[in-house]
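Here is the structure we will look at, set down as structure tokens.
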Number of protein chains: 2
Amino acid sequence: MTTRIQMRNRARILDAALEVFSQQGFRGATLDQIAAVAGLSKPNILYYFDSKEAMHRALLDALLDVWLAPLRALNPQGNPQQEIIGYMRRKLELSRDYPRESRLFANEVLQGAPRLSDEISGGLKSLVDDSAAIFQRWIDAGRLPPLDPYHLIFSIWALTQHYADFGAQIRLIRDGADPLDGADAYLEALFTRLLAV
Amino acid sequence: MTTRIQMRNRARILDAALEVFSQQGFRGATLDQIAAVAGLSKPNILYYFDSKEAMHRALLDALLDVWLAPLRALNPQGNPQQEIIGYMRRKLELSRDYPRESRLFANEVLQGAPRLSDEISGGLKSLVDDSAAIFQRWIDAGRLPPLDPYHLIFSIWALTQHYADFGAQIRLIRDGADPLDGADAYLEALFTRLLAV
DNA sequence: AATATTCTTGACTGGTTGGTCAGGTCTGTT
DNA sequence: AACAGACCTGACCAACCAGTCAAGAATATT
């Protein structure tokens with residue numbers, strides 16, 4: 001049985017853990033920090049999660065679903081330009097709405113993806129392979145310029161996630177403004193030019 | 001006086017520290033790890049650097065010069081397309097030749113750039129402002145399409161650094177191949193299309 | 001060869017970390 | 001009200017952490 005208190009506290013803990021892990025990385029984060037942010041005692045957060053590792057695991061599992069959703073929504077029957085720009089927009093929305101998740105993922109990959117290698121070389125890889133095949137068919141049909149499909153996907157990731165992962169840098173350069181100011185319009189212009197046949 | 005032994009050991013320590021910091025972040029790295037990678041004892045590496053902090057500081061200081069060099073080389077009198085693509089190429093070379101430095105920087109910015117905010121809002125910002133002004137003049141002269149100069153710079157950073165910072169992910173998706181395989185050609189095609197008037 | 005200097009280390013310290021545990025408190029049910 | 005189960009905590013522990021130190025080993029200078 002899951003009680004109301006369990007629901008509330010588990011959510012609080014995961015939110016606090018996300019806050020701390022995404023900023024400090026796994027090794028850099030401490031249970032004391034997480035407990036403080038969650039407003040609970042350290043033994044109490046360990047009552048809800050077996051270990052620091054378990055909290056991290058729970059966050060990564062929840063993250064992957066959200067992360068892969070935009071790529072899944074790609075429609076092979078649609079218009080190539082609209083589909084790819086739509087994908088880019090959905091990824092950019094993730095950077096806007098879930099910057100902490102983006103940084104958690106970035107932290108993990110920066111460290112060599114030790115806890116994500118199975119998921120990446122499994123589910124993510126096959127999803128990327130499928131999408132690359134769709135792009136290739138569009139290219140073969142002359143509906144897209146002859147751009148390497150894998151690099152095209154990587155460039156969408158790079159351009160959109162950059163606004164979340166390097167937001168601190170952009171904010172410092174742009175006098176504290178929201179990093180995503182003007183990003184929509186710029187990226188739309190970029191991909192419109194890039195994908196024109 | 002700096003002796004030969006000092007030169008050799010300082011270099012060894014900084015190389016080891018770069019290896020560990022770039023993978024684990026500042027808090028996640030330990031002096032024992034750094035000492036082990038350097039092949040020296042922990043008290044010995046502390047004989048050459050006052051503290052863990054000092055090693056990190058030394059790395060960041062050395063990094064910034066290398067990091068800003070490509071942007072400094074921009075020539076306002078040159079051909080816009082060639083200049084920007086040249087800048088992109090130099091940044092991509094940094095990702096190829098100094099991936100650990102790229103990840104060190106990424107780790108730092110991910111954590112909110114606590115030890116780099118002065119350098120970013122100082123030297124880097126003014127360099128970016130100057131470059132953006134050059135781009136804007138090119139745009140006003142009709143020699144570049146009307147793209148936001150700041151976002152243009154950010155997109156160069158995003159696209160090139162991605163290959164170093166997210167290299168682990170790319171390697172997993174591309175069956176262990178060098179992440180930078182084909183990146184040159186792809187990015188050249190991308191920027192050629194993007195910057196055409 | 002003798003001396004001064006630089007280099008290196010084992011053993012240590014005070015503080016932090018992830019995690020445990022016994023016992024107390026709160027909450028829902030009868 | 002009384003009981004069971006869920007919830008919470010102070011005190012604790014062993015492992016790990018950055019950094020110190022005294023003394024020995026290696027090197028350079030005379």
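All heavy atoms count here, side chains included; hydrogens, waters and symmetry mates do not. Per chain, numbering begins at 1; letters A, B, ... match sequence-line order. Quantities reported herein were computed from a predicted structural model and do not represent experimental measurements.
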Next on the checklist: Between A:Leu159 and B:Tyr87, is there shared hydrophobic-cluster membership here, with clusters defined by ILVMFWY side-chain heavy atoms closer than 4.5 Å?
Outcome noted: yes

Checklist outcome for this item: In whole angstroms, the gap separating P of D:dA26 from CD of B:Gln6 amounts to 19 Å

Checklist entry - Between A:Phe21 (CZ) and C:dT17 (P), how many Å, whole number? => result 13 Å

Checklist entry - Whole Å only: how far is the NE2 atom of B:His56 from the C1' atom of D:dA18? => result 15 Å

Checklist entry - Can you tell me how far C1' of C:dC7 sits from CE of B:Met7, to the nearest Å? => result 17 Å

Checklist entry - Hey, is the side chain of A:Tyr47 poking within less than 4.0 Å of OP1 or OP2 on D:dC7, counting only N and O atoms? => result yes

Checklist entry - Under 4.0 angstrom, heavy atoms only, what part of the nucleic acid is A:Ala54 near: base, sugar-phosphate, or nothing? => result nothing

Next on the checklist: Side-chain N or O of A:Asn9 versus OP1/OP2 of D:dA6: is the shortest distance under 4.0 Å?
Outcome noted: no

Item to check | Intermediate values then yes/no, ring-ring contact (aromatic ring centres under 6.0 Å, His included), A:Phe49 and A:His56 | outcome: CA-CA 10 Å; A:Phe49 290 89; A:His56 197 250; over 10 Å; no

Checklist entry - To the nearest angstrom, how far is A:Ile5 atom CD1 from C:dT27 atom C1'? => result 7 Å

Checklist outcome for this item: Between B:Thr3 and B:Pro43, whichever has its closest DNA chain C nucleotide further toward 5' is B:Thr3

Checklist entry - What is the distance, rounded to the nearest whole Å, between atom CZ of B:Phe49 and atom C1' of C:dC7? => result 15 Å

Checklist entry - 5'-most contact on DNA chain C: B:Arg8 or B:Arg27, nearest heavy atom basis? => result B:Arg8

Checklist entry - So, do B:Asp165 and B:Phe105 sit near enough that their side-chain heavy atoms are less than 4.5 Å apart? => result no

Item to check | Nucleotide of C:dG18, C:dT9, C:dT8 approaching B:Ser41 most closely (side-chain heavy atoms) | outcome: C:dT9

Item to check | Interatomic distance where CD1 belongs to B:Ile45 and C1' belongs to D:dT20 [whole Å] | outcome: 14 Å

Checklist entry - At under 4.0 Å between heavy atoms, what does A:Arg4 touch on the DNA or RNA strands: base, sugar-phosphate, or nothing? => result sugar-phosphate

Checklist outcome for this item: When rounded to whole Å, the CG to C1' distance for the pair A:Leu31 and C:dT17 reads 8 Å

Checklist entry - Hey, is the side chain of A:Lys42 pairing donor to acceptor with the base of C:dG18 inside 3.5 Å? => result yes

Next on the checklist: Determine whether A:Glu119 and A:Arg57 satisfy the following criterion, salt bridge (Lys or Arg N to Asp or Glu O under 4.0 Å), listing intermediate values before the conclusion.
Outcome noted: CA-CA 12 Å; A:Glu119 286 84 350; A:Arg57 187 73 261 163; 3.0 Å; yes

Checklist entry - Heavy atoms under 4.0 Å, any strand shown: does A:Ala35 hit a base, just sugar-phosphate, or nothing? => result nothing

Item to check | Nearest-nucleotide comparison on DNA chain D, the residue closer to the 5′ end among A:Tyr48 and B:Leu46 | outcome: A:Tyr48

Checklist entry - Mind checking whether B:Phe154 and B:His151 have parallel, tilted or perpendicular rings, split at 30° and 60°? => result perpendicular

